[in-house]
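Remember, predicted model here, so these are calculated numbers, not experimental data. Basis for what follows: all heavy atoms, side chains included, without hydrogens, waters or symmetry-related copies.
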Amino acid sequence: MAGNKVEKLPRKVYEKELLRLQLELAKLQEWVRAEGARLVVVFEGRDAAGKGGTIKRVTEHLNPRIARIAALPKPTERERTQWYFQRYIGHLPAAGEIVLFDRSWYNRAGVENVMGFCSKVEYQLFLRQCPLFERMLVEDGILLRKYWFSVSDAEQQERFRRRLEDPLRRWKLSPMDLESVARWEEYSRAKDEMMVHTDITEAPWYVVESDDKRRARLNMIAHLLGSVAYQAVHPPELDLPERPESTGYRRPPRDLQNYVPDHAASL
């Protein structure tokens, strides 16, 4: 249901704090690399809840070889015959890596359940196995963080409308997204049941209020940083070498190569 309108955080305040948090994320990344830690961050929530924008800000200044995004497409026919969690296991981090799941194994608790893409038996099996699966991850030393982005129905509707009118963001909308409008209460019940079964001590859920995207991004990143006992790692000292004297190299004539036209000169 629609709630009270949330006052947006001023842009200058947001950008200043975001930069500070991103500097801390860079420190976290170096600690993960140096310590051989394994960090998994799960992003879940309704369509247009702000997950993608937050992930973009988290990874904006990180090394993609260390911090990568796992956004799996729908399963192949072969994957449909595997143990449900099997295709996600291959995307888990090795030592010194961070993986951010842009949606995760919780697809079964949400869209697959509500839209009838899995059977009731498969759904109930997921609810029983998921806590066991996550306890195994944590027991093996993986740092697992789970965030649910909560958006009101009115705000979601407005974001859908803006996407429909924006040619740069229209690709973000699919028929499945629009179907979620008509199934708001079904998704709400599915989320509630998911929380009951999977909000476990070893891997609790953290809810991010996301009607204001700026607040949501800062709050989520600050919480993630505060939940990991990382320390600053001093990088090795590097010295920029002096450029050596020329040994007579001559660049080939420009007309022997194909150059991109100077489009910028026409602006």
Side-chain angles (χ1 to χ4, degrees), residues 6 8-9 11 14-15 17-19 21-22 25-26 28-29 39-75 87-88 91-93 97-112 114-115 144-181 183-184 187 190-191 194 205-225:
V6 177
K8 286 192 174 183
L9 193 68
R11 179 174 293 278
Y14 162 72
E15 291 178 347
E17 180 61 8
L18 178 62
L19 178 59
L21 292 174
Q22 288 176 328
L25 284 170
L28 171 64
Q29 171 188 255
L39 175 60
V40 171
V41 187
V42 169
F43 292 79
E44 290 287 346
R46 295 181 185 273
D47 297 315
K51 302 180 295 298
T54 304
I55 292 171
K56 182 177 179 180
R57 272 65 182 186
V58 170
T59 60
E60 189 171 8
H61 300 292
L62 300 184
N63 184 343
R65 293 184 177 88
I66 296 175
R68 54 187 170 83
I69 301 169
L72 278 62
K74 66 179 182 180
R87 76 186 191 119
Y88 294 98
H91 294 272
L92 293 174
E97 294 180 348
I98 302 170
V99 177
L100 297 90
F101 279 94
D102 185 358
R103 293 199 180 278
S104 64
W105 45 89
Y106 283 100
N107 276 339
R108 177 137 295 178
V111 64
E112 290 189 19
V114 173
M115 299 302 295
L144 176 59
R145 303 293 182 267
K146 303 186 307 191
Y147 293 98
W148 176 269
F149 284 71
S150 178
V151 64
S152 66
D153 53 354
E155 181 62 25
Q156 184 195 53
Q157 190 88 355
E158 176 61 19
R159 290 177 187 178
F160 281 165
R161 184 192 63 77
R162 291 199 297 267
R163 287 181 181 183
L164 278 172
E165 297 173 354
D166 186 348
L168 294 177
R169 295 192 295 168
R170 189 181 174 90
W171 64 267
K172 291 186 174 184
L173 273 181
S174 70
M176 196 73 65
D177 296 330
L178 300 179
E179 179 71 18
S180 67
V181 174
R183 296 176 180 263
W184 179 271
Y187 274 103
K191 183 263 294 182
M194 177 195 78
W205 277 105
Y206 296 102
V207 177
V208 181
E209 295 286 356
S210 62
D211 272 12
D212 178 6
K213 290 182 179 181
R214 296 172 188 168
R215 292 178 189 273
R217 292 164 185 168
L218 298 184
N219 292 341
M220 179 269 151
I221 296 172
H223 182 274
L224 174 63
L225 291 167

All pairs passing salt bridge (Lys or Arg N to Asp or Glu O under 4.0 Å) where residues 51-66 contributes a residue, at least two apart: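 Residue pairs with at least one partner in residues 51-66: there are none.
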Qualifying residues under side-chain contact (heavy atoms from CB on, under 4.5 Å), relative to A190, sequence neighbours excluded: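 If we apply the side-chain contact (heavy atoms from CB on, under 4.5 Å) test to A190, skipping adjacent residues, the hits are N113, V114.
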Test side-chain contact (heavy atoms from CB on, under 4.5 Å) applied to K213 - qualifying residues, sequence neighbours left out: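 Listed in chain order: R159, R169, R217.
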Spacing of R145 atom CZ and L39 atom CG [to the nearest 0.5 Å]: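 Spacing of CZ (R145) from CG (L39) equals 7.0 Å.
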Partner set under salt bridge (Lys or Arg N to Asp or Glu O under 4.0 Å) for [X], not counting sequence neighbours:
{"X": "R87", "result": "E79"}
{"X": "E17", "result": "R20"}
{"X": "K191", "result": "none"}
{"X": "D102", "result": "none"}

Could you list the residues that satisfy side chain to side chain donor-acceptor pair (under 3.5 Å) with [X], not counting sequence neighbours?
{"X": "S180", "value": "D47"}
{"X": "W148", "value": "none"}
{"X": "R214", "value": "none"}
{"X": "Y147", "value": "H223"}

Face-on cation placement of R163 at W171 ring, 6.0 Å and 45° thresholds: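 No, a cation-pi geometry is absent between R163 and W171.
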Lys/Arg-Asp/Glu bridge criterion (N-O < 4.0 Å) met for E44, K146: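 Salt bridge absent between E44 and K146.
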Sequence-distant partners of F160, ring-ring contact (aromatic ring centres under 6.0 Å, His included), two or more places apart: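 Checked F160 against ring-ring contact (aromatic ring centres under 6.0 Å, His included); zero matches.
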